[in-house]
Every structure is written in structure tokens, then in C-alpha cells.
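Structure, as C-alpha cells:
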Amino acid sequence: TVPPAGTAAAGAPAAAGAPAPAPRTATEFTPLPVDWEPILGHGTAQDGQRIAQSGGNGVAACVSCHGANGVAAAGTAFPSLAGLQPEYLAKQLMDYRSGRRGSPVMAPIAKALQPDDIGSLAKYYGGLAATAPSPPAGAPQRAADLDRIGDNALALPACANCHGLSGRGEGPLLPRLAGQPAEYFAGQMAAFKNGSRANDDGGVMRAFSQRLSDDDVHALASFYGAMR
């Protein structure tokens, strides 16, 4: 945390004649409010299922791209939603709505959704169970190593450190990678790399994507995409 302007860093002696640094307060370490969090108090999973299956109010049914049970078809550039956390889903929809995450497909959909709709969809898809991931037979060793141990020479931590072993997901905002179509995974890594996707907290994924070769991205895309 950066000290307030005009104060010395914690533990640093004040210059001669300078006023004593202001005391630190607990509010400096309080997370900033986020626009997606109140959304989770809106809507119901039942309404989310209705929207997902039938659409309405100018919004197409989610199943047309994301699959009948939140599992997108292999070979498509659309993500699977089953098993993602409600917090992550709400954040992404609000990011599409605000422009923090760009998409010519999802931005108008998110803007057409009401807060109740977003809360409902987050609850519905967040409540769909995903199968336990297991590494595919014959998976590229490079991809398995990046998943489990990373690459110290490239300053790349293991993907599992944040996304869980075998991409099962970890915590509310670290999404599941297992089962995501390879085309979607590769497309998002390219977007992080060229900066067209910039809604990752602290720029973490933008930094990591710069250190991954195209071969590494495709190996990881195939590795996670083969998990069903």
C-alpha cells in the first residue's frame, strides 16, 4: 500500500523539522467496493435457468452459445460456464456491461440484462456441477509441467497456483480452466497478450501471457480443453 502523499514510508525516520507522519488507518487496507458484489443479492437460480434456456427482452438464450448444460461444444470459441463461481460470472458480466472487458457479442447482451438477470444467471450457472478434471491421456509434457510446476526460467508460476491443479478452479475469482474449449482458451490468452482484454486484477494475466510462446499457449489450450 502506498503511503498517503506527504507522509514518510512506514518505519522511515522523519526528516529534521518535518511533521510526524500521519498514523496508518485500517481503511487503507480495506478492499475497494466493486460493482458486481451487490448484484449477487439479486435474482434466483430458477430465473437464471429460464433466461439461459429461453432468453427474453432482446437477449438471446445463453444455451445457443454456451451449451444446454453450460458446457460449450468443443471446437467453438465460446466458454463453458458450468462450475464457474457466481462471483466470477457476475464480475465478467458487469465488466462486459461497463466496457472493462470488450466483446462485440457479449457487451450488448450484458447491457440489456437487468441486475436481477445478472444475479440470476450467476446463481444458475454457478450452481451447475462440473465433472472432476483429470489430465488427458497423452497430454503434452510441457503443458502438464506448466500446469503443475510452471517455468522458473521464464518467471512463470504454476497455473495450478491460482487456477487449481488440473485447472479445477480456485476461489471465487480464479476461474476453472478444465473443459474450456481450446479455441476459447487460446483466444483469451491472445487478448491478454495484445491488451484487448485488460480486466485481470493487477495485470497478472497480461504479464504472464507475454512470457508464454504460441506453442505453450496451444499446448495449454489442448491440455485443458481435453478435460471433460
Side-chain angles (χ1 to χ4, degrees), residues 31-57 59-74 76-98 100-103 105-134 159-182 184-185 187-188 191-192 197 199-201 204-205 224-225 227-228:
L32 294 173
V34 290
D35 58 1
W36 55 264
E37 195 166 27
I39 296 295
L40 293 172
H42 293 260
T44 66
Q46 291 78 10
D47 283 341
Q49 183 176 20
R50 174 183 53 77
I51 297 166
Q53 294 179 349
S54 304
N57 296 325
V59 176
C62 306
V63 297
S64 60
C65 294
H66 298 288
N69 297 302
V71 178
T76 70
F78 303 111
S80 293
L81 304 181
L84 294 176
Q85 295 294 321
E87 292 88 347
Y88 179 78
L89 292 162
K91 179 183 186 299
Q92 299 311 306
L93 283 169
M94 292 300 289
D95 284 354
Y96 284 129
R97 187 184 179 116
S98 69
R100 287 187 296 266
R101 180 175 178 180
S103 167
V105 175
M106 284 303 305
I109 291 173
K111 288 176 182 176
L113 291 170
Q114 298 302 309
D116 282 1
D117 299 333
I118 292 176
S120 294
L121 287 167
K123 289 180 174 120
Y124 170 62
Y125 280 114
L128 293 180
T131 57
S134 58
C159 302
N161 285 4
C162 293
H163 294 281
L165 194 61
S166 298
R168 66 174 178 258
E170 200 72 45
L173 296 179
L174 299 170
R176 179 185 177 90
L177 303 179
Q180 291 296 356
Y184 173 75
F185 180 95
Q188 294 307 300
F192 280 128
R197 179 173 177 183
N199 71 326
D200 52 326
D201 290 341
V204 171
M205 286 306 305
Y224 291 123
M227 296 179 187
R228 291 286 176 181

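Throughout, numbering of the chain's residues begins at 1 and tracks the sequence. Keep in mind the model is a prediction, meaning the values are calculated, not measured.
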Q) What's the spacing between Arg50 CZ and Leu121 CG if we round to 0.5 Å? A) 9.0 Å
Q | Test log, rule side chain to side chain contact (heavy atoms under 4.5 Å, CB included), inputs Leu113 and Tyr96 | A | CA-CA 11 Å; Leu113 291 170; Tyr96 284 129; over 6 Å; no
Q) Under 3.5 Å, side chain of His66 to main-chain N/O of Pro79, donor-acceptor pair present? A) yes
Q) Minimum heavy-atom separation for Ser80 to Gly179, with atom names? A) OG-O, 3.6 Å
Q | Gap separating the CG atom of Asp47 from the NE2 atom of His42, nearest 0.5 angstrom | A | 13.0 Å
Q: List the steps, then state whether side chain to side chain contact (heavy atoms under 4.5 Å, CB included) holds for Tyr124 with Gln53.
A: CA-CA 11 Å; Tyr124 170 62; Gln53 294 179 349; 4.3 Å; yes
Q) For the side chain of Lys123 and the backbone of Gly43, is there at least one donor-acceptor N/O pair under 3.5 Å apart? A) yes
Q: Verify, without hydrogens or angle tests, whether Thr44 (side chain) and Ser120 (backbone) share a donor-acceptor contact under 3.5 angstrom.
A: no
(Q) Which heavy atom of Ala90 sits nearest to which heavy atom of Leu40, and what is that distance? (A) CB-CD2, 3.8 Å
Q | All pairs passing side-chain hydrogen bond (donor to acceptor under 3.5 Å, both in side chains) where residues 160-172 contributes a residue, at least two apart | A | none
Q. In Å and rounded to the nearest 0.5 Å, what is the CG to CG distance from Leu89 to Leu173?
A. 10.5 Å
**Q.** For Arg100 against Asp35, the heavy-atom pair lying closest together
**A.** NH2-OD2, 2.8 Å
Q. Closest approach of Pro108 and Ser103, non-hydrogen atoms and distance?
A. CD-O, 4.0 Å
(Q) With side chain to side chain contact (heavy atoms under 4.5 Å, CB included) as the criterion, how do Leu128 and Leu81 come out once you've worked through the C-alpha distance, each side chain's angles and the decisive distance to 0.1 Å? (A) CA-CA 8 Å; Leu128 293 180; Leu81 304 181; over 6 Å; no
Q.
As an exercise, state the distance from CD1 of Ile118 to CD1 of Ile39, rounded to the nearest 0.5 Å.
A. 5.5 Å
Q.
Could you walk me through whether Lys91 and Val34 satisfy the side chain to side chain contact (heavy atoms under 4.5 Å, CB included) test, starting with their C-alpha distance in whole Å, then the side-chain angles of each, then the deciding distance to 0.1 Å, before giving a yes or no?
A. CA-CA 9 Å; Lys91 179 183 186 299; Val34 290; over 6 Å; no
Q: Starting at CD of Gln49, measure out to SG of Cys62 and round the result to the nearest 0.5 Å.
A: 11.5 Å
Q) Rounded to the nearest 0.5 Å, how far apart are OG of Ser64 and CZ of Phe78? A) 7.5 Å
Q: Could you label the plane-to-plane angle of the Phe185 and Tyr224 rings as parallel, tilted or perpendicular, counting under 30° as parallel and over 60° as perpendicular?
A: tilted
Q: Heavy atoms only: give me the nearest Tyr125-Ala52 pair and the separation to one decimal.
A: OH-CB, 3.3 Å
(Q) Do Gln92 and Asn199 have side chains that approach each other closer than 4.5 Å (heavy atoms only, starting at C-beta)? (A) yes
Q: Considering non-hydrogen atoms only, spot the tightest contact between Leu93 and Ala110 and give its length.
A: O-CB, 3.4 Å
